[in-house]
Amino acid sequence: MTTFKRDIAAVVAPATGLTLEAVESAITLPQHEGQGDFSFPCFPLAKSLRKAPAAIAAELAKTLQPPPGFTKIEALNGYLNFFVDKPDFARRVLSEIARSEAAYGDNGLGTGKRTVIDFSSPNMGKELAFHHLRGTMIGNSLSKVYRKCGYEVVRVNHLGDWGTSYGKLIVMFLREGLGEADLSGLTLEKLNALYRSFDAASKQDPGLEDEARRVFAQLESGDGWFRRLWSVFRDVTLDELKRLYSILGVGFDIYMGEAFFADRVDDVVGLLQARNLLKESQGAVVVDLSAFDMPPALIRKSDGSTLYITRDIAAALYRHTEYGFARCFYVVDNGQSLHFQQLFKVLELMGNEWHRQCEHIPFGLVLHKSEEGNWEKGKTRTGQASLLKDVLEAASEKILGIMAEKNPEVAGNSKLAMEIAVGALVFSELKNRRLNDIRFEWDQALSFEGDSGPYVQNAHVRLCSILRKAGLSPASLASMTLEGIRWELLKEASAVDLIDTLAQFPDKVAVSMESRDPCPLAQYALSIADGVHRFVHECRVLGSSKEKERLLLVAAARSVLGSALDLIGVPAIESM
RNA sequence: GCACCCGUAGCUCAGUUGGAUAGAGCGCUGCCCUCCGAAGGCAGAGGUCAUAGGUUCGAAUCCUAUCGGGUGUACCA
């Protein structure tokens, strides 16, 4: 794509007096038929040339020679429209895809740089709710996209395994008369129930909150029994967590929770003190941020225990010295933006120039309908938010029914049903821009029609099916010879459009990276699927006189669609 | 009050370093399986891009204000 733009720039720049870069970045892709394949708008030239844009375009169209690979240049509405030589375009695009395969779309933007991506990061003792899927899959996708751009990526799960919540769990555990003997059979459901009963009990007895804080303070100062309970609670949660991650196809390089940083907070306090940033206020130790129009950062509570910003400072310092990151991303919901503003400001005040390399990647909240009928942030503890495992299960069950109805060959394949369920749920999370709030409704979450994961997966399935019937494996692109391919035969509108779409993949990868949003790639997967469905509908592949050419396009489309699906975390299945 | 985010078709949303005639899906009206998978394709209806100003040759996109919705705002994470 960029090589085509560069070729155009080489012709246009000398004639207009603009730089190559200026021309290249001004070139756009036209939307409508008859406008060619690449356009250069002549409007900015009107002032310097003191001529109407339409006249400039007309004159340039007359005098310029089409660059190699182009057939003609036309002027229309003040635009200079460039028409590619279709067979040559097909040759260049498909050859490149065939040559690079899974590496197609790679770019070296991040070569030699390391990026830490902190995502998912759930709290221990609580079930994963549906809304955790968003951050988890955005982080998962971004880590793949950044890897594709050459970055070395460190995926960190910053577990919420420290804090007053543990005081609450321990208080309830003891209140219910449980002990060592009950630890072996402990489940995450039970821990969740403890949270709920704590909430109920503390409504009756507000003193319980204080007790929980006291217990946490004891835990933090090293109480052995409490430490033992904490450790079991954490393990129980982690087991269930990893079960769900494996269903989702998500992996982490490091599970390092807040507890790990708990005994580094004294160092943080020391550093803050050395910079003379600390101040006592209402019995607590804070960094005053009023000069920056922000509430103070609470470093230590009045009972001496720490808060999560203190541990986040410790974690940032640790990550910087340990990984020497070029970038450190925090994929956390938009509700925490003030926290991250405070965190980055404190890092700056501490004299860390690298605070600029830290970035909050916020995403919109999942809203649930309250009893009053308002849309608001769901709460796991009140049971208002839906659990991720329940949604996954309901989705795969429904899909199992659809499979039995549509394709007897795969009926009863529950593993496949789960892959389709994951594809559906993940795709619907990522097809919209990450900052949009999402309203959770069961019938919408379980809707698999239209622009959905299954639709995109189905396009991949059909390509695989054609390749299979041709006696080829889905990944057979590499083994196909380009010798004797008659490129001019790929001339039907659906074939031409599909090739055009495939050519855009590298640009979409870069856009997704720059915007730190998987959405452009999800939308792109959708447009490949559209193109695939139209192509296989219009153009018979097997047994056609153009079988060799069309089979190559099928294999190339399969390869690019597979890459796109992989980047957004939707399973690229081969039958359904 | 202040801060962050959102407002595009009846509904859910793409489109955003400013470019030509604003696009999908769902729902609605029809059409297409002796044809590699119909979880598909084709056609139709549906829009003052929240509102009002501004910048510009050009604004859904940038700036300002207003309205509406979500979230956060000192000892939870």
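When reading the values below, keep in mind they use all heavy atoms of this one structure, side chains included, and skip hydrogens, waters and symmetry mates. Below, read A as the first sequence line, B as the second, and so on, with proteins coming before strands; counting in each chain starts at 1.
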Ionic contact status for A/Arg434 with A/Glu429, cut-off 4.0 Å | no
Using a cut-off of strictly less than 4.0 Å, decide whether A/Asn436 has a side-chain nitrogen or oxygen near OP1 or OP2 of B/A14.
-> yes
Assess the side chains of A/Thr306 and A/Glu220: does a donor N or O sit below 3.5 Å from an acceptor N or O?
-> yes
Which of A/Leu463, A/Leu551, A/Val536, A/Leu467 passes side-chain contact (heavy atoms from CB on, under 4.5 Å) with A/Val541? Answer is A/Leu551
Tell me the partner of B/A9, counting only Watson-Crick (N1-N3 plus N6-O4 or O6-N4) or G-U wobble (N1-O2 and O6-N3) with both under 3.5 Å; none if nothing fits.
-> none
Once you round it to whole Å, what is the distance between P of B/C5 and CG of A/Asp437?
-> 12 Å
Span that lies between the C1' atom of B/G7 and that of B/C49, in whole angstrom | 10 Å
Please answer whether the main-chain N or O of A/Met124 pairs with a side-chain N or O of A/Asp161 as donor and acceptor at a distance below 3.5 Å.
-> no
Contact class for A/Arg434 (heavy atom, under 4.0 Å): base, sugar-phosphate, or nothing?
-> nothing
Applying a 3.5 Å limit to both distances, which nucleotide forms a Watson-Crick or G-U wobble pair with B/C42?
-> B/G30
For A/Gly364, answer base if it contacts any base atom (sugar-phosphate contacts may also be present), sugar-phosphate if it contacts only those atoms, and nothing otherwise; contact means non-hydrogen atoms under 4.0 Å.
-> nothing
Roughly how many Å is it from CZ in A/Phe216 to P in B/C76, rounded to a whole number?
-> 10 Å
Separation of the C1' atoms in B/G46 and B/A24, to the nearest angstrom | 14 Å
May I ask you to say whether A/Glu359 pairs ionically with A/Arg516, meaning some side-chain N is under 4.0 Å from a carboxylate O?
-> yes
Is it true that A/Lys431 and A/Asp451 have a side-chain N and a carboxylate O under 4.0 angstrom from each other?
-> no
Looking at every strand, decide which applies to A/Asp210 at a 4.0 Å heavy-atom threshold: base, sugar-phosphate, or nothing.
-> nothing
If you measure from the C1' atom in B/U55 to the same atom in B/C62, how many Å do you get, rounded?
-> 8 Å
Could you check how far CG of A/Asn374 sits from C1' of B/G69, rounded to whole Å?
-> 10 Å
For A/Gln336, answer base if it contacts any base atom (sugar-phosphate contacts may also be present), sugar-phosphate if it contacts only those atoms, and nothing otherwise; contact means non-hydrogen atoms under 4.0 Å.
-> base
Identified side-chain contact (heavy atoms from CB on, under 4.5 Å) partner of A/His158 from the options A/Tyr308, A/Phe261, A/Phe260 = A/Phe261
Sort out the partner of B/G37 for me: Watson-Crick or G-U wobble, both distances under 3.5 Å, none otherwise.
-> none
With both distances under 3.5 angstrom, what nucleotide forms a Watson-Crick or G-U wobble pair with B/A3?
-> B/U71
Provide a list of protein-nucleic acid N or O atom pairs under 3.5 angstrom, restricted to nucleotides 56-61 of chain B.
from: B/C57; atom 1: OP1; to: A/Lys47; atom 2: NZ; distance (Å): 2.9

According to a strict under-4.0 Å criterion, is A/Arg439 in side-chain N/O contact with OP1 or OP2 of B/C11?
-> no
Name the nucleic acid region contacted by A/Leu307, choosing base, sugar-phosphate or nothing; use a 4.0 angstrom heavy-atom cut-off, strictly under.
-> sugar-phosphate
Mind checking who B/A60 pairs with, Watson-Crick or G-U wobble, both distances under 3.5 Å?
-> none
Taking for each residue the nucleotide of RNA chain B with the nearest heavy atom, is it A/Ser302 or A/Glu33 whose nucleotide lies nearer the 5' end?
-> A/Glu33
Hey, is the side chain of A/Thr28 pairing donor to acceptor with the base of B/A20 inside 3.5 Å?
-> no
Identify whether any heavy atom of A/Asn77 sits under 4.0 Å from a base atom; if not, whether one sits that close to sugar-phosphate; answer base, sugar-phosphate or nothing.
-> base
Nucleotide by nucleotide, 5' to 3', does protein get under 4.0 Å of the base (B), only the sugar-phosphate (S), or neither (-) in nucleotides 31-42 of chain B, counting heavy atoms?
-> ----SBBSBBSS
In whole angstroms, how far is the C1' atom of B/U21 from the CG atom of A/Leu76?
-> 11 Å
Counter-base of B/C76, judged by Watson-Crick or G-U geometry with both distances under 3.5 Å = none
Tell me whether the guanidinium CZ or amine NZ of A/Lys5 lies under 6.0 angstrom from the six-membered ring centre of A/Phe38 and within 45° of its axis.
-> no
Would you say B/C76 has OP1 or OP2 under 4.0 Å from some side-chain N or O of A/Thr164?
-> yes
Separation of atom CG in A/Asp333 from atom P in B/G72, rounded to whole Å = 9 Å
Nucleotide nearest A/Gln341 when distance is taken to its side chain, options B/A20, B/U71, B/C4 = B/C4
Electrostatic pair A/Arg550-A/Glu492, nearest N-O below 4.0 angstrom = yes
Rounded to the nearest Å, what distance is computed from the CG atom of residue A/Asp303 to the P atom of nucleotide B/A74?
-> 18 Å
So, are A/Asp199 and A/Arg196 salt-bridged, with charged N and O less than 4.0 Å apart?
-> no
Could you check which nucleotide pairs with B/A20 in any of the strands shown, counting Watson-Crick or G-U wobble with both distances under 3.5 Å?
-> none
Contact class for A/Gln523 (heavy atom, under 4.0 Å): base, sugar-phosphate, or nothing?
-> sugar-phosphate
Give none if B/C49 has no partner; otherwise give the nucleotide forming a Watson-Crick or G-U wobble pair with it, both distances under 3.5 Å.
-> none
Polar pair under 3.5 Å, donor/acceptor by atom type, side chain A/Asn81, base B/A20 = yes
Sticking with atom C1', work out how far B/G23 lies from B/U16, rounded to a whole angstrom.
-> 15 Å
Which part of the nucleic acid does A/Ser447 contact within heavy-atom distance under 4.0 Å: base, sugar-phosphate only, or nothing?
-> nothing
Starting from the 5' end of RNA chain B, give me the residue, A/Ile438 or A/Gln31, whose nearest nucleotide shows up first.
-> A/Ile438
Assign A/Ser25 to base, sugar-phosphate, or nothing according to its heavy-atom contacts below 4.0 angstrom with the strands shown.
-> base
Contact class for A/Pro296 vs. all strands (heavy atom < 4.0 Å): base, sugar-phosphate, or nothing?
-> base
How is A/Ser515 classified with respect to the nucleic acid when contacts are heavy atoms under 4.0 Å: base, sugar-phosphate, or nothing?
-> nothing
If you look at every strand shown and take non-hydrogen atoms under 4.0 Å, does A/Ala284 touch a base, only sugar-phosphate, or nothing?
-> base
Mind checking A/Leu526 for me? I need base, sugar-phosphate or nothing, with any heavy atom below 4.0 Å counting as a touch.
-> nothing
Using the P atom on both, measure B/C57 against B/A52 and round to a whole Å.
-> 23 Å
Could you label the plane-to-plane angle of the A/Phe440 and A/Phe130 rings as parallel, tilted or perpendicular, counting under 30° as parallel and over 60° as perpendicular?
-> tilted
A/Arg433 has its side chain closest, among B/G72, B/U16, B/U71, to B/U16
Determine whether the aromatic ring centres of A/Tyr330 and A/Phe344 lie less than 6.0 Å apart.
-> yes
Pick one for B/C57: is it syn, with its angle within 90° of 0, or anti?
-> anti
Rounded distance in Å - CZ (A/Arg214) to P (B/C76) = 14 Å
Verify whether one side chain among A/Tyr195 and A/Asn123 offers a donor that lies under 3.5 Å from an acceptor in the other.
-> no
Taking A/Ser476 for the side chain and A/Leu472 for the main chain, is one N or O donor matched with an acceptor at less than 3.5 Å?
-> no
Separation of the C1' atoms in B/U51 and B/U8, to the nearest angstrom = 14 Å
Whole-Å distance between B/G69 P and A/Lys369 NZ?
-> 15 Å
